[in-house]
Amino acid sequence: MMKRRGALLAGSVLSLASGTALASGFGVSYQSVSAMGTAYAGSGVLSEDATNQWYNPATLAGLSSAQFSVATHQVWIDTTFKADGASGPGDFEDVEPFVGSVFLAVPFNDRVTFGLGINAPFGTKIEYEDNWGNVNAGPSAPFFPTTGDPYALTSDVKTINVNPAMGIQVTDNLRIGLGLNYQRIDADIENSATRLEGDDDAFGWNAGITFSPDDKNHFGVAYRSEISYDIDGDITFKEPAVAASAAAGGASGPILDAIVSDLAGKYSGKTSLDLPAVLQLSYAGDLTDRTQLLLGVEHTYWSSLDRLVVEHDGTQTSLGGASLPNPSIEEFDWDDTTRYSIGLRHTLPSDTVLRLGLAKEESTQDSDNRSAISPDSDRVWATIGAGFQPTDNLSIDVAYAHIWVDDADVYKTSRGAVLDGTYELDANVIGAQLNYQF
């Protein structure tokens, strides 16, 4: 019984590292509308506006005037779960997240530029309807009529990142940049068995260079460090989960009631969580005076999330020596991911900028390790965008992206309920960005 109970506990904390299927793992790609227009190709070498500093702080040195950028994205996600066999009446609640970020760039002189970014690089908002998944035909059916609810009901994870940075023009062809990141995470994760509420803050760093061997070819390399959290919070063990585990161990009647009374409830808990490092390579090639070919490769080290070790203060013992395992360990086994992107950027004689992009992004998971609360799968982005300059000191960028996500099979048995089916996902994103020079 306690082994299964430990899986429920670790599963709740595991949900901290889960998210939408619109970026690998639970990353949030939407930081720059101008960059989204070319599917983020070349975003770490261009100095189009203040938002490029997120991808490479060295791009700050390419801005000749102070600039403030506000980027906003509205996301529409279409997700369904198709059970293999009989299914419950529930599915996904409609979730339409709004994602925003702000960036500032201020040149100190001709060679040094200060930057500041405030954004949300990781997060998720996923809600299931009650009684989703397969009809439960196992011994836990009296407590969980369908198999999806024990794995996931809601996930609300937010990060806020504050990133001061500096870009330096070392030579005419070489720029370097360095930044410090303060990041905070807040999470409220719930399934029909447990609920986790936790938060923490931590620090990281980022650095990059850009190099132009000639007037037509421009290269960028940037690295964003791993950020390590020690998350403190509350873990609630719900009565149905404790009852299902106790009943599976043979308890019934007054003994079952006593076990539920002793073990169900809220406990203080803690765990460590490492958000991944990111390596980004960018290229911009001038095909003509007005047209650029853009390339990008972004590698995210999700394998740093190998497992979670959860400690909590639920040390009491119930009838028959039943107790909660401490610590509880949940294996991740996520894979590193890479996004490959290609784009075109063309400037019209009117100074309007047109953008096109395609990207392919790998999944952190497959059917063996897919989380019900993060149905991550390989995806393809197609994007289009434009930039307008109505006045000398004001420019506006708009972009649209459609994201096709491969069907994601899932088969899980770890919580006494067989979840077997396929997620079908796609999404649309519209972004608008304002850039003001002063």
Side-chain angles (χ1 to χ4, degrees), residues 23 27-75 98-108 112-123 158-169 175-184 203-210 220 222-225 227 278 280 282 284 296 298 345 353 355 385 387-389 393-399 401 429-438:
V28 177
S29 296
Y30 325 115
Q31 310 300 337
S32 167
V33 176
S34 56
M36 188 175 78
T38 57
Y40 308 104
S43 56
V45 70
L46 298 177
S47 297
E48 285 194 288
D49 51 63
T51 65
N52 289 106
Q53 66 183 281
W54 171 252
Y55 308 100
N56 188 341
T59 61
L60 284 165
L63 299 175
S64 58
S65 61
Q67 187 173 124
F68 179 72
S69 296
V70 179
T72 60
H73 302 78
Q74 179 63 59
V75 186
F98 181 82
V99 182
S101 57
V102 295
F103 295 91
L104 173 70
V106 179
F108 287 159
V112 180
T113 301
F114 170 79
L116 178 67
I118 302 175
N119 62 335
F122 300 97
K158 306 181 184 72
T159 59
I160 297 295
N161 191 83
V162 180
N163 185 183
M166 197 77 70
I168 303 172
Q169 185 84 45
R175 298 166 181 161
I176 62 173
L178 182 65
L180 175 69
N181 293 263
Y182 165 80
Q183 195 172 111
R184 181 170 182 81
F203 289 90
W205 57 273
N206 61 308
I209 64 171
T210 67
Y223 182 82
R224 187 170 292 276
S225 75
I227 293 184
V278 180
Q280 185 159 354
S282 301
E298 182 178 279
R345 181 181 183 275
V353 179
R355 303 179 179 101
F388 309 93
Q389 190 161 357
N393 62 346
L394 178 67
S395 64
I396 298 171
D397 296 292
V398 294
V429 186
I430 293 178
Q433 177 179 311
L434 183 147
N435 311 294
Y436 181 76
Q437 299 181 32
F438 56 94

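Only a predicted model underlies this, so the values are computations on that prediction, with no experimental measurement involved.
- When side chains are defined from C-beta on, Y436 does not count as touching V70, because their heavy atoms never get closer than 4.5 Å.
- Using a 3.5 Å distance cut-off with no hydrogens or angles, the side chains of S43 and Q280 do pair a donor with an acceptor.
- Note that CZ of F388 is 13.0 Å distant from CG of N435, once rounded to the nearest 0.5 Å.
- Taking both residues in full, the closest heavy atoms of S34 and E48 are given as CB-OE1, 4.0 Å, listed atom of the first, atom of the second, then distance.
- A side chain to side chain contact (heavy atoms under 4.5 Å, CB included) with V162 is found for one member of N181, L116, L180 and no other, namely L116.
- For the pair Y40 and E298, the minimum side-chain heavy-atom distance is 4.5 Å or more.
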(message) Between M166 and L60, does the side-chain contact (heavy atoms from CB on, under 4.5 Å) criterion hold? Intermediate values first, please.
(response) CA-CA 7 Å; M166 197 77 70; L60 284 165; 5.9 Å; no
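- Looking at N56 and V45, their side chains never come closer than 4.5 Å, going by heavy atoms from C-beta outward.
- Checking side-chain atoms of Q433 against main-chain N and O of D397 turns up no donor-acceptor pair under 3.5 Å.
- Between H73 and Y30, the ring planes are tilted. Angles from 30° to 60° get that label.
- To the nearest 0.5 Å, atoms CZ (R184) and CD1 (I160) are separated by 10.5 Å.
- In this structure, the side chains of T113 and Q53 stay at 4.5 Å or more apart for every pair of heavy atoms.
- At a threshold of 4.5 Å between non-hydrogen side-chain atoms, the residues F438 and N393 do not count as touching.
- With sequence neighbours excluded, no residue forms a salt bridge (Lys or Arg N to Asp or Glu O under 4.0 Å) with D49.
- Annotation: side chain of P57 is in contact with side chain of N206 (closest heavy-atom distance under 4.5 Å).
- With a 4.5 Å cut-off on side-chain heavy atoms, S32 and W54 do not count as touching.
- Interatomic distance, S29 OG to M36 CE, rounded to the nearest 0.5 Å: 10.0 Å.
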(request) Mind running side-chain contact (heavy atoms from CB on, under 4.5 Å) on Y55 and S282 for me, showing each step along the way? (result) CA-CA 9 Å; Y55 308 100; S282 301; 6.0 Å; no
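- Residues meeting the salt bridge (Lys or Arg N to Asp or Glu O under 4.0 Å) test with R175, sequence neighbours left out: none.
- Of the possible polar contacts, none joining the S69 side chain to the F103 backbone as a donor-acceptor pair under 3.5 Å is found.
- For the pair N161 (side chain) and N119 (backbone), a donor-acceptor distance under 3.5 Å is absent.
- Under a 3.5 Å cut-off, the side chain of S225 and the backbone N or O of W205 do form a donor-acceptor pair.
- Atom CD of Q183 and atom OG1 of T159 lie 5.0 Å apart (nearest 0.5 Å).
- In terms of modelled atom types and a separation under 3.5 Å, the side chain of S101 and the main chain of Q31 share a donor-acceptor contact.
- Between S47 and L63, the shortest heavy-atom distance links the atoms O-CD2, 3.4 Å.
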